[in-house]
Each structure stands twice: as structure tokens, then as C-alpha cells.
Enquirer: 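Take a look at this one; I'll ask things after.
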Amino acid sequence: MDVGALRSFVAVCRSGSFREAARERHVSQPGVSRHVQRLETELGVDLLVRHRKRIMPTAAGSRLFAYAVDTLAAHDRIVESLARDDATVEGELRIAASTAPGEYLLPRLLSQFTEIYPRVRPRVAVTDSASATAQVAEGDAALGFVGMRAAAPSLQWTVVAEDELVLAVPGRHPFAGRASVDVTELKGLPFIEREPGSGTWTGLHRALDRAGIKDPGYTPVMVVNSTHATLAAVNNGFGFSIVSSLAVHEHEFDQVYPARLTGLDTVRSLYMVRRTSMDSSVAEAFGDWVLARLAGGSKTTEERLLR
């Protein structure tokens with residue numbers, strides 16, 4: 001039984017919502033649904049049912065919930081116990097990250113890791129995915145967390161999270177409050193674009209290519225190089241944009257409304273990237289901890305998801 005799927009199931013039971021569970025787990029809402037479906041298929045029973053406006057566990061789901069809470073607690077205790085046994089982890093931890101994982105994923109991971117290893121000193125450079133990958137390849141950073149994969153034989157890539165690109169709508173526009181907007185409705189809209197090296201920009205254009213759309217018809221009005229700057233521009237009514245679902249859950253702006261973009265497959269992976277031969281024991285320890293702590297020790301690269 002997959003540890004990550006159990007975490008998602010417990011989060012849904014506690015919050016009563018797939019959306020809130022996705023926010024808590026830093027996973028896309030479809031990802032949480034797939035985790036629960038995987039458990040239901042494995043066990044051959046229905047685990048959840050909608051009761052009024054809240055998702056509730058079935059009788060079987062309640063029994064699994066009690067088991068999952070105990071199992072996850074035991075799992076976390078042994079992981080942290082094993083980690084604490086290695087008291088030699090100390091020194092500088094150099095990480096390069098693109099904006100979505102750098103601003104919304106890494107802070108929590110590094111906080112937890114440095115609680116276990118207080119002598120570790122993280123140094124994070126937040127940039128675009130292409131630059132972050134280059135820093136790892138050139139040895140300027142020991143690890144990278146990025147939103148797109150590049151062709152680099154000297155690097156190892158591990159999927160650590162599922163993300164979804166969504167439409168950020170300014171609050172004064174009629175689209176505000178809509179659950180979804182079709183890609184054909186982008187025509188003529190003022191658009192805030194990310195720089196070409198960013199994972200968000202690449203993810204959007206790859207989705208357009210897969211859908212056979214050469215030109216979505218929006219009007220570029222600004223190019224920015226960070227998620228925060230993008231959201232600030234949308235918040236001030238400058239235009240629309242595409243942003244990570246991680247950012248949508250965490251941003252502090254009150255005039256930005258997310259909408260799922262239909263007609264495109266905008267689900268993407270976030271990656272941890274490191275050199276085949278690492279020269280930093282601190283970075284190696286952090287990378288292994290990320291996989292063990294958040295992925296439940298899955299065997300294959302594609303199964304190592306940050307649930």
C-alpha cells in the first residue's frame with residue numbers, strides 16, 4: 001500500500017474536500033483523486049462518499065483511516081529516527097530552484113530537514129528552470145528543483161511532485177469566480193507571460209503544441225521572471241496569466257482568481273535534479289531524505305512523487 005496515497009486519503013478525510021487535501025499535500029486535485037482511486041482499486045471497496053457538501057469516509061474508509069493514521073505515524077518516526085542516527089550531516093546545502101518549487105515547495109522541506117540537522121545551512125538561488133538546471137550541471141548548485149526536464153546526460157532526474165498550470169484571472173474581469181475557462185476564450189485577452197527559460201512558459205507551450213494550437217490568440221502585454229511578479233500584475237488588473245497551482249494555493253493577493261484551463265492538458269511534473277556523481281554529502285543526504293520522507297521509498301523514478 002503506497003504511503004503517498006495513504007497521506008492523500010487521510011488529508012481528504014480530515015478536510016472533507018479533495019481541493020483542500022490537494023492544497024495541504026501540494027499536489028494537483030486530480031493527483032489526489034488518483035491516489036484515492038488507487039487505494040479503492042487495490043482494496044476493492046469504496047472508501048469515500050459525498051455527504052451534503054462534505055466528503056466523508058464510508059465504513060470501510062473509516063477503518064482504513066484509523067489504520068493509515070497509525071501507519072503514517074510509525075513511518076514518520078522510523079524515518080526521522082534513522083535520519084537522527086547520522087549526526088555527521090552538516091555544512092552548506094546549495095540548491096537552485098525555479099520559482100514554483102523554490103517559493104512554495106522548498107521552504108517547508110528545508111524547515112523540516114534543518115529541524116533534524118540543525119548544522120545544515122541551506123542556500124537557495126531562485127531563478128528559472130533552465131538556469132537552475134545549468135547551475136547544477138556546472139557545479140554551482142548541488143541540487144535543483146525545477147518545473148521542466150532538459151536533455152542532460154550528466155544529470156539524474158526524479159519526479160518529486162505533480163503540479164497543474166491554471167489560469168490566473170484578475171478580480172474585476174467577468175471570468176473571475178468561474179471554475180474553468182476554455183483555451184479558445186483566451187483570444188484577445190491581455191496576457192502576462194513568463195520568460196522563455198521558465199518551466200511555466202515551457203509547460204504552457206508544450207500543452208499548446210500537444211493540442212495542435214499554434215497561437216492561442218491572447219495579447220502579450222508584459223514579460224516577468226517570477227511567480228510573485230506575475231500574481232502581482234494580475235492582482236492589479238494588468239492582465240491574465242498562467243501560474244502553478246502551488247502558487248494559487250499560497251498567494252496573498254485578494255484580486256486573483258484561479259480557473260482550470262480546459263482544452264489543454266496542463267498537468268506537469270516537478271523534478272529534483274542532481275549530478276550523477278555528487279560531491280556534497282549534505283546534498284546527497286537531503287535528496288535521499290526528500291525521497292524517503294515524502295515518497296515512501298518508491299522503487300522507480302516515476303513513482304517517487306511528492307504526495
Side-chain angles (χ1 to χ4, degrees), residues 19 22-23 26-31 97-105 126-132 145-149 161-253 255-271:
R19 180 177 180 179
R23 178 178 180 176
H26 292 290
V27 181
S28 67
Q29 188 170 325
S98 58
T99 56
E103 294 176 357
Y104 304 105
L105 188 64
V126 177
T127 179
D128 59 57
S129 289
S131 297
F145 288 80
V146 297
M148 68 176 185
R149 182 168 180 164
E162 289 178 327
D163 188 23
E164 183 177 10
L165 299 178
V166 298
L167 185 68
V169 180
R172 292 184 291 276
H173 193 275
F175 286 176
R178 283 177 53 175
S180 63
V181 173
D182 192 81
V183 64
T184 58
E185 297 180 272
L186 299 183
K187 187 174 182 179
L189 295 181
F191 228 74
I192 300 145
E193 291 193 318
R194 287 295 307 275
E195 77 283 15
S198 78
T200 299
W201 187 93
T202 301
L204 171 61
H205 285 268
R206 286 177 177 173
L208 290 169
D209 288 343
R210 288 194 298 268
I213 300 173
K214 293 183 178 180
D215 181 7
Y218 61 69
T219 302
V221 293
M222 181 188 291
V223 177
V224 298
N225 66 352
S226 78
T227 303
H228 189 273
T230 302
L231 292 170
V234 175
N235 188 69
N236 283 282
F238 206 80
F240 293 71
S241 193
I242 299 293
V243 297
S244 163
S245 61
L246 296 178
V248 168
H249 292 318
E250 300 293 336
H251 76 78
E252 71 276 21
F253 299 106
Q255 291 299 313
V256 178
Y257 292 80
R260 180 161 289 165
L261 195 57
T262 58
L264 289 182
D265 177 11
T266 57
V267 174
R268 65 170 180 168
S269 296
L270 300 181
Y271 298 91

Enquirer: Rounded to the nearest 0.5 Å, how far does CG of L189 lie from OG1 of T219?
Expert: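 It comes to 8.0 Å.
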
Enquirer: Looking only at heavy atoms, which two atoms of V169 and F175 are closest? And how far apart?
Expert: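 Scanning both residues completely, I find the closest heavy atoms to be CG1-CB, 3.7 Å.
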
Enquirer: Taking the side chain as C-beta and beyond, is there a heavy-atom pair between E162 and P30 under 4.5 Å?
Expert: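 They are not in contact (no side-chain heavy atoms under 4.5 Å apart), so the answer is no.
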
Enquirer: Treating D163 as the side-chain partner and S245 as the backbone partner, does any N or O pair qualify as donor plus acceptor under 3.5 Å?
Expert: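 The answer is yes, because a donor-acceptor pair under 3.5 Å joins these two groups.
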
Enquirer: For the residue pair W201 and E195, what are the closest heavy atoms and their distance?
Expert: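 Looks like CB-O, 3.4 Å.
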
Enquirer: For the pair F238 and V221, evaluate side-chain contact (heavy atoms from CB on, under 4.5 Å) and give the outcome as yes or no after the intermediate values.
Expert: CA-CA 8 Å; F238 206 80; V221 293; 3.8 Å; yes

Enquirer: Quick check: closest heavy atoms across M148 and G197, and the distance to 0.1 Å?
Expert: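 The pair with the smallest heavy-atom distance is CE-O, 3.5 Å.
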
Enquirer: In Å and rounded to the nearest 0.5 Å, what is the CD to OG distance from E185 to S180?
Expert: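 Here the interatomic distance stands at 8.0 Å.
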
Enquirer: Which residue is it: T99, D128, T202? I am looking for the one with a side chain to side chain donor-acceptor pair (under 3.5 Å) to R194.
Expert: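 Single pass found, and it is T99.
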
Enquirer: Can you tell me how far CG of L204 sits from OG of S198, rounded to the nearest 0.5 angstrom?
Expert: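 Between atom OG of S198 and atom CG of L204 there are 9.0 Å.
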
Enquirer: Is any side-chain heavy atom of T200 less than 4.5 Å from a side-chain heavy atom of T230?
Expert: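 The answer is no, as the side chains (C-beta and beyond) never meet within the 4.5 Å cut-off.
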
Enquirer: The criterion is salt bridge (Lys or Arg N to Asp or Glu O under 4.0 Å); which residues satisfy it with R23, sequence neighbours excluded?
Expert: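 Once residues adjacent in sequence are excluded, R23 has no partner under the salt bridge (Lys or Arg N to Asp or Glu O under 4.0 Å) criterion.
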
Enquirer: Taking the side chain as C-beta and beyond, is there a heavy-atom pair between L261 and V166 under 4.5 Å?
Expert: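 They are not in contact (no side-chain heavy atoms under 4.5 Å apart), so the answer is no.
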
Enquirer: Of all heavy-atom pairs between R268 and S244, which one has the smallest distance, and what is that distance?
Expert: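 Of all heavy-atom pairs spanning R268 and S244, the closest is NH2-CB, 3.7 Å.
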
Enquirer: Enter the distance from L165:CG to S241:OG here, rounded to the nearest 0.5 Å.
Expert: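 Between L165 CG and S241 OG, I get 10.0 Å after rounding to 0.5 Å.
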
Enquirer: Enter the distance from I213:CD1 to H205:NE2 here, rounded to the nearest 0.5 Å.
Expert: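 NE2 of H205 is found 11.5 Å from CD1 of I213.
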
Enquirer: Which pair of non-hydrogen atoms, one from P170 and one from G237, has the smallest distance, and what is that distance?
Expert: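 Looks like CB-CA, 4.1 Å.
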
Enquirer: Is there side-chain contact between D265 and R210, with heavy atoms separated by less than 4.5 Å?
Expert: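 Contact flag for D265/R210 side chains = yes.
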
Enquirer: So L264 and L208, do their side chains get closer than 4.5 Å, heavy atoms only?
Expert: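 Result yes, sub-4.5 Å side-chain heavy-atom pair found.
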
Enquirer: Who passes salt bridge (Lys or Arg N to Asp or Glu O under 4.0 Å) against E164, sequence neighbours left out?
Expert: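 Testing E164 for salt bridge (Lys or Arg N to Asp or Glu O under 4.0 Å), a comparison that skips the adjacent residues, returns R260.
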
Enquirer: Please report the interatomic distance CE(M222) to CD1(I192), rounded to the nearest 0.5 Å.
Expert: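 That separation rounds to 6.0 Å.
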
Enquirer: Please report the shortest heavy-atom distance between A247 and L231, naming the atom on each side.
Expert: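 Heavy atoms only, the tightest pair is CB-CD1, 4.1 Å.
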
Enquirer: I want to check something: taking the side chain as every heavy atom from C-beta on, are L246 and T227 in contact at a cut-off of under 4.5 Å?
Expert: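 No, too far: nothing below the 4.5 Å cut-off.
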
Enquirer: Just grab all the ring-ring contact (aromatic ring centres under 6.0 Å, His included) pairs involving residues 206-226, residues at least two apart or on different chains.
Expert: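 For residues 206-226, and leaving out neighbouring residues, the ring-ring contact (aromatic ring centres under 6.0 Å, His included) pairs sorted by first residue read F191-Y218.
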
Enquirer: Give the C-alpha distance, both sets of side-chain angles, the deciding distance and a yes or no for ring-ring contact (aromatic ring centres under 6.0 Å, His included) between H228 and Y104.
Expert: CA-CA 11 Å; H228 189 273; Y104 304 105; 8.7 Å; no

